[in-house]
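See below for the structure under consideration.
Just so we're on the same page: letters track the sequence lines, and every chain starts at 1.
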Amino acid sequence: MLEQLIKALAELEEDQVLDIVCKELAGGTEALSILQACQQGMAEVGDRFEKSEYFVSDLMMSGEIFKQVGELLEPGLQSATQVRAGAVVIGTVQGDIHDIGKDIVVNMLKSANLDVTDLGVDVPPAQFVEALKETDASVLAMSGLLTLAFDSMQETVSLIEAAGLRDKVRIMIGGGPVDGGVCKVVGADDWGADAQAAVRLAKTWLEIGVQA
Amino acid sequence: MSRLESIRIAFQPVGTRVEVSAGSTVLEAGREAGLILAANCGGNGLCGRCRVTVLGEHIPAPTAAEYQALSQEELDAGQRLACRAHLQGDTGVHIPRTTLGNQQRLQLEGGMRRLSVDTGVLRHNIAPDTRPLGVAVDIGCTKIAAYLLDLETGDQLAACGMPNPQISYGEDLISRLVYARKGGKQTRELSGCVRNGISKLIEELLDTRTEHASAKPEQLADLCVVGNTAMIHLLLELPVDGLLVAPFVAASTAAVDVRAGDIGIDLPGDDHIDVQVHVLPAIGAFVGADHVAMILANGLHNCGHISLGIDIGTNSEIALSKPEHGLLLTASCPAGPAFEGGHIRHGMRAAPGAIEKINSGPDGLTLKTVGDELPVGLCGSGVIDAVALLWQIGAIDYRGHLQPDLAGVRQGDAGREYLLVEAKNTGHGKDIVITQQDISEVQLAKAAVAASIRTLLTLSNTKHEDIDELVLAGAFGSYLDVDSSIEIGLLPSLPNATYLQAGNAAGTGAKMALVSSEMRTQAQQIARRAVRIDLKQQKNFNRELALATRFPKEKLT
């Protein structure tokens with residue numbers, strides 16, 4: 001049945017996925033194993049995206065399905081002890097409100113079994129710093145599509161330096177016009193052209209086995 | 001003679017409305033609206049060329065001539081002959097292209113109706129005995145359009161347009177704003193572009209008019225300007241910082257009355273210090289005076305029925321009006337450049353050789369290209385038709401994925417693609433394809449529009465069947481095929497609505513406000529009453545967006 005769940009998620013069949021999840025829960029399957037199956041399905045979606053079989057719209061849909069699954073599993077997961085592979089703080093920087101790309105990355109990171117703190121959009125630099133302190137996360141991901149957002153990214157990096165956290169945190173940036181040049185100006189460690197790239201970076205930094 | 005009741009006729013897809021007395025034929029109503037219908041026999045019910053479809057409840061009973069010319073099936077579907085069908089109540093009339101002839105380009109002029117003139121607005125700062133003239137201007141990101149009007153009769157004397165000269169500072173709005181934000185000199189450069197553009201257009205209008213009749217610079221009394229909020233900010237040199245960062249606040253959305261000289265619009269001739277400029281009010285940072293003008297032009301705010309007004313473009317604006325509830329919701333959504341042929345492998349602007357229409361029939365595909373040249377690419381409306389075609393023939397599934405086993409689908413250098421036109425049939429000797437990536441771009445663009453409409457409907461508790469009218473404004477909205485758009489889920493399928501393609505409705509609204517103080521008051525009311533919905537703040541918007549990237553499971557037949 002869980003094999004079917006992986007396949008249904010990979011095929012982006014929301015109704016099927018939710019149906020199987022409910023049945024599994026009712027049948028007494030551990031929420032954690034259901035989650036792991038879904039994570040496998042999400043990984044398959046990511047692979048297909050890398051092979052240009054899937055596109056941004058598919059990532060959006062997979063994220064939505066994963067979110068629905070998350071809501072169904074939440075009660076069961078609260079009691080389970082989840083061993084997370086690492087912690088990431090993410091948000092769209094101050095002055096920008098684009099969240100579609102950011103949300104896709106959030107869901108991909110979550111499905112990669114990372115502990116993700118999503119600060120939302122229009123996030124002031126101080127809030128990023130605050131969240132890094134609170135969560136002890138070692139990876140920060142900032143998103144922004146407007147060119148003006150780069151100023152905010154730079155400001156955030158400076159504030160992280162001022163707070164003495166720069167050595168403890170690897171910083172990645174992403175969003176439509178972001179490239180290596182922007183990355184350098186902003187003072188981030190690296191950048192990602194798409195959601196998969198962000199996930200790969202996070203995994204590399206957190207030294208989680210990167211799937212071939 | 002007894003006074004006949006007057007009825008309202010809405011022509012689609014051209015988007016012209018007219019009031020005629022009950023009992024008028026469709027042909028008469030069409031003439032009243034300025035439409036030329038094919039009536040080879042002179043409107044005597046003999047040639048059967050003037051076929052139209054009468055929509056709604058008031059379908060007149062067929063006459064003998066119609067029984068002769070049309071099959072029972074066609075009659076049952078509401079088809080009639082325009083010269084024979086006497087209309088008795090408010091109704092919509094669909095005019096097929098074959099009956100209308102080639103009117104498509106004309107409608108970009110906007111509505112062809114007579115404007116109601118009330119002289120309250122005329123300032124007559126000109127010599128007595130001189131006919132006052134006015135100019136209506138619509139400033140778009142890509143194009144500036146201007147119209148010369150006789151302020152006493154409301155007649156349009158000339159029209160012209162030019163590419164927005166700001167394009168050299170960036171194709172997209174954001175890069176222009178970022179440049180203008182740098183400071184005084186840069187702001188003035190961009191402002192100067194628009195002002196010079198307007199000055200040039202006015203000169204051209206007067207020249208054009210002078211070819212037929214006299215139009216002197218000193219006859220100019222009034223200008224009325226609309227445009228998106230950013231364009232108006234640049235025209236008036238308002239600070240643009242607020243337009244660039246969240247929460248996106250305009251420096252001003254108010255209507256403005258200034259003298260042309262005060263905002264640096266040079267007019268031909270001397271002595272023009274008193275020519276007045278009225279700028280229509282805006283609703284917000286992304287819902288501008290052009291949208292107010294569109295609402296005004298189509299009477300969405302006071303038409304007495306539930307209507308949706310949509311201007312589809314890189315940034316799309318949507319209005320939902322429920323006058324009986326006093327409700328006017330507006331929203332903007334970034335749909336991206338796919339509808340203008342941007343980010344599409346073989347996409348192009350509507351230049352010669354662009355495929356603008358695709359029909360599939362038993363004999364295969366019929367392509368209509370701009371200028372009837374051999375195809376070299378696809379413009380926005382062609383892209384929509386192409387994707388609709390792929391969906392129709394099952395070449396894509398409801399997720400938008402090309403099906404590898406289907407004829408025409410092949411592996412290209414960047415993933416799957418569908419061969420639309422073989423190299424031997426194109427103008428440049430290369431295949432024209434639709435790639436999987438193209439389909440994905442269209443999915444994202446159509447989802448933005450569809451999810452926005454859906455969200456407005458949900459918020460206002462409006463069902464699809466409640467909507468009486470859907471107005472498509474703007475260049476793209478005028479050319480796209482409504483059926484294809486519904487088929488791919490760009491536009492909702494509304495069982496009781498008339499779909500109107502209204503052309504440059506913003507320009508029409510500007511003209512209406514140019515010649516009427518009553519219309520200016522109404523524009524103010526629209527701007528004041530309109531409620532701006534921040535779609536991003538709606539909890540389920542991103543989910544709606546994801547769902548709307550898919551194709552409607554129920555296909556149209």
Side-chain angles (χ1 to χ4, degrees), chain A residues 8-15 45 48-68 70-71 91-107 118 120-124 143-152 155 175-177 194, chain B residues 170 172-175 177-179 181 240-248 286 333-334 336 343 396-402 404 411-417 435-448 451 534-537 540-551 553:
Chain A
L9 214 158
E11 289 296 321
L12 307 172
E13 297 288 356
E14 184 175 56
D15 293 345
V45 170
R48 292 186 187 183
F49 177 76
E50 289 209 309
K51 283 189 244 162
S52 292
E53 287 172 23
Y54 276 11
F55 293 85
V56 174
S57 54
D58 300 307
L59 295 188
M60 286 163 67
M61 201 57 225
S62 70
E64 282 304 321
I65 300 174
F66 193 68
K67 222 193 282 183
Q68 303 285 319
E71 279 167 29
T92 301
V93 298
Q94 189 163 42
D96 201 333
I97 53 165
H98 290 95
D99 62 356
I100 294 166
K102 190 262 302 166
D103 282 358
I104 290 174
V105 175
V106 167
N107 283 310
D118 178 10
V121 298
D122 197 13
V123 180
S143 169
L145 261 73
L146 303 172
T147 40
L148 288 181
F150 305 154
D151 298 345
S152 296
E155 230 178 284
D194 57 49
Chain B
D172 66 304
L173 188 67
I174 301 291
S175 41
L177 290 178
V178 168
Y179 186 81
R181 182 172 168 263
V240 296
D241 303 61
L243 301 178
L244 278 163
V245 289
F248 302 105
F286 287 117
C333 64
H343 290 191
I396 50 177
D397 65 10
Y398 75 104
R399 299 173 301 188
H401 296 165
L402 280 167
Q411 194 64 30
D413 47 15
R416 281 182 198 143
E417 61 187 31
T435 66
Q436 181 69 68
Q437 181 66 43
D438 294 343
I439 297 165
S440 175
E441 291 287 342
V442 171
Q443 284 178 272
L444 295 176
K446 68 133 183 159
D534 187 349
L535 294 168
K536 284 270 142 208
Q537 298 292 327
N540 273 330
F541 186 72
N542 283 0
R543 177 169 172 78
E544 293 288 1
L545 203 60
L547 291 172
T549 61
R550 300 194 152 182
F551 290 85
K553 277 190 173 162

Can you tell me how far [atom2] of [Y] sits from [atom1] of [X], rounded to the nearest 0.5 angstrom?
| X | Y | atom1 | atom2 | value |
| --- | --- | --- | --- | --- |
| B:H401 | A:L12 | NE2 | CG | 6.5 Å |
| B:L545 | A:E64 | CG | CD | 9.0 Å |
| B:R543 | A:I65 | CZ | CD1 | 8.5 Å |

For chain A, find its close neighbours in residues 435-443 of chain B: heavy-atom separation under 4.5 Å, sorted by number, or none.
->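 Result: B:Q436, B:Q437, B:S440, B:Q443.
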Taking the side chain from B:R399 and the backbone from A:E11, do they hold a donor-acceptor pair closer than 3.5 Å?
-> yes
Determine the option with the most heavy-atom pairs under 4.5 angstrom with chain A, choosing from B:V245, B:N542, B:V178.
->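 When all of B:V245, B:N542, B:V178 are compared, B:N542 has the most.
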Using salt bridge (Lys or Arg N to Asp or Glu O under 4.0 Å) as the criterion, list what pairs up with A:E155, not counting sequence neighbours.
->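 Per chain and number, A:E155 pairs via salt bridge (Lys or Arg N to Asp or Glu O under 4.0 Å) with no residue.
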Any side-chain heavy-atom pair from B:T549 and A:F55 closer than 4.5 angstrom?
->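 They are not in side-chain contact.
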Do B:L547 and A:E14 have side chains that get closer than 4.5 Å, going by heavy atoms?
->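 Yes, their side chains come closer than 4.5 Å.
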Heavy-atom contacts under 4.5 Å, residues 143-152 of chain A to chain B |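 From residues 143-152 of chain A, the residues near chain B are A:L146, A:T147, A:L148.
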Any residues in residues 98-106 of chain A near chain B, with a heavy-atom distance under 4.5 Å, and which are they?
-> A:D99, A:I100, A:D103
Chain B heavy atoms under 4.5 Å from A:D96: which part of the residue, side chain, backbone, both or neither?
->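 The backbone, not the side chain.
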[X] portion near chain A, given a 4.5 angstrom heavy-atom threshold:
| X | value |
| --- | --- |
| B:F248 | side chain |
| B:L244 | both |
| B:R550 | side chain |

